[in-house]
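Taking it in order: structure first as structure tokens, then the write-up.
What's counted below: heavy atoms across the whole structure, side chains too, no hydrogens, waters or symmetry copies. Here, residue 1 is the first one in the sequence, and each next residue gets the next number. Since the model is a prediction, treat every value here as computed from it, not as a measurement.
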Amino acid sequence: MAGGGVWQADVRTGQGHVLVAPWGGAATGVEYEKGAHRLWVAGGPTGTVRVYDARTGTLLREYTFPGTVFLNDLVVTKDAVYVTDSFNP
């Protein structure tokens, strides 16, 4: 969670590697967008959602949401990405 890095591993073997290097933020929720090979990462108290290429770990875009407290979960649909702020109804 702390640091914002993402570890990618094979659940059968346990073999893995760092896909996204820690950037000093947070990674509190992760969602994979299969058709586009994108990894969406909620940034907890940073108020950001970061989007990575799921194959390479390259940062594609960062979205900042002023006024949020703790972004912690994501859901990707065919039309949108929804993110939960645990402290904001």
Does the side chain of [X] reach to within under 4.5 Å of the side chain of [Y], using non-hydrogen atoms?
X	Y	answer
Phe70	Thr46	no
Val75	Val81	no
Val6	Val41	yes
Leu60	Arg38	yes
Leu19	Leu39	yes

Heavy-atom closest pair, residues [X] and [Y]:
X	Y	answer
Ala27	Gly5	CB-O, 4.0 Å
Thr58	Thr56	OG1-OG1, 2.9 Å
Asp53	Arg55	OD1-N, 2.7 Å
Pro45	Ala26	CD-CB, 4.2 Å

May I ask whether [X] and [Y] are part of the same hydrophobic cluster, defined by side-chain heavy atoms of I, L, V, M, F, W, Y residues being less than 4.5 angstrom apart, directly or through others?
X	Y	result
Val18	Val30	no
Val69	Phe65	no
Val49	Val76	yes

- Query: Are Arg61 and Trp40 in a cation-pi contact, defined as NZ or CZ under 6.0 Å from the six-membered ring centre and within 45° of the axis?
  - Reply: no
- Will you find, in the side chains of Asn72 and Thr84, an N or O donor that is under 3.5 Å from an N or O acceptor? no
- Task: Just do the side chain to side chain donor-acceptor pair (under 3.5 Å) check on Asp85 and Thr68 with the steps written out, would you?
- Result: CA-CA 6 Å; Asp85 181 348; Thr68 58; 4.7 Å; no
- Rounded to the nearest 0.5 Å, what separation is found between the CD atom of Gln15 and the CG atom of Asp10?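 It comes to 8.0 Å.
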- Separation between OH of Tyr82 and CG of Leu74, rounded to the nearest 0.5 Å: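 It is 13.0 Å, given to the nearest 0.5 Å.
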- Short question: side chain of Thr48, backbone of Arg50 - any donor-acceptor pair under 3.5 Å?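 Not a single qualifying donor-acceptor pair exists.
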